[in-house]
Number of protein chains: 2
Amino acid sequence: MNQAVQGREGVELAPNRYREILEIAARMICEKGYEGASIQQIAQACGLTKAGLYYHIQSKEHLLVEIMHYGMDLFEERVLSQVESIPDPLERLRTAMAKNVLMVTSDRTKEITIILHEHATLTGDELDRINTRKKRYVRFLERSFSEAIATGQIRRVDPKVATFAFLGAVNWIYKWFQPDGHISEEQLVRGMQDVFFGGLEPRSSAKPEGS
Amino acid sequence: MNQAVQGREGVELAPNRYREILEIAARMICEKGYEGASIQQIAQACGLTKAGLYYHIQSKEHLLVEIMHYGMDLFEERVLSQVESIPDPLERLRTAMAKNVLMVTSDRTKEITIILHEHATLTGDELDRINTRKKRYVRFLERSFSEAIATGQIRRVDPKVATFAFLGAVNWIYKWFQPDGHISEEQLVRGMQDVFFGGLEPRSSAKPEGS
């Protein structure tokens, strides 16, 4: 993502203002769909003219790309970089889940996260670049699961299936979770960790595998 | 969904042909997005003229609604109705997961499933009707989890969180699973059941909850 953008008069646009534009655009795209949200509407919501907005973005597709890279920036800052150095692989995975859940439920980042996962529009190189960043996290999870299996902290499950079950359980949250509902964010984090890492079958009468 | 549709000359369109149109349209919408796939392109892919396609559908939005109801028909036929009557709640849940996974991986139903979960376009009554059908499955899962907790077959987890972790893990599959990849459908089903129901922590040294 550009850290600063040249404004109409060559004045530098503060990074915060640029991020705000990306956040507003993300909200509009989530609401109306990528095709449905016009540049005119996005500009208006940002308090800019259409020409003013085009000073900061090259095109609508570029705007989408920028939103996604911003989403990955946020994700790497708030999740990946916070947990990568945790030595214990199970603790690393549990903490990654907690921080990842909060990314999906947080008001400010929710729409950015949704766009990161529903980007039917991007193709070619741009899509490759985003996917490369996403894959870093997938590989990090796979490695952590493999490590936790090696240390005997978790059972011998398929690390790839475990990784995508983790991602599915966490990323699906935006489809159903209501911040003002019966479950608090804290309960959601605990509940997800409990279901996912604790497993469902009771400890005392574990069924044989494959039953 | 309409079971049969009146064709141009008043000739009844076979239900199979109608379903085929919905499947082709679903594939095009997944490929190009709802806004991106034109009625002209969908008609062409179906081997129909635009006017010919409009004989079978009222509008593009109606086509999307019909695809979703068709998806729910398939889902209820292949998943819900197959498992609802299984008396043992844990077996019911494990079988529901297996059949649900196959819905998501199956070539014929994959795109229909994707559209069911990424329908930013529908609003109002149409959206309510689809959501009511989806909620039937959500409640079925929640009830089954609660029952399995009551029988002591699974631990006292939050049935709602368990339900959405289940749905997330399963529905996310279309984002990553490659039918010709290293994991077979059979391995995927077993792996998902293993991770989700068997849990990750080893049986012998279960960590205390909340750790």
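Predicted model only: the values in this text are computed from it and were never measured. Here is how names work: the chains are called A, B, and so on, in the same order as the sequence lines, proteins then strands, and each is numbered from 1.
Scanning all heavy atoms of the two residues, the minimum distance from A:R92 to A:S144 falls at NH1-OG, 3.1 Å.
When A:V138, A:I149, A:N171, A:L188 are compared by the number of non-hydrogen pairs under 4.5 Å with chain B, A:N171 comes out ahead. For the set B:L93, B:D158, B:V161, the count of heavy-atom pairs under 4.5 angstrom toward chain A peaks at B:V161.
The shortest distance between side-chain heavy atoms of B:R136 and B:T132 does not fall below 4.5 Å.
Salt bridge status for B:R133 with B:D73: present, with a side-chain N to carboxylate O gap under 4.0 Å.
Under the salt bridge (Lys or Arg N to Asp or Glu O under 4.0 Å) criterion, the residue pairs touching residues 166-176 of chain B are B:E118-B:K175, with sequence neighbours excluded.
With a threshold of 4.5 angstrom between heavy atoms, B:L167 approaches chain A through its backbone and through its side chain.
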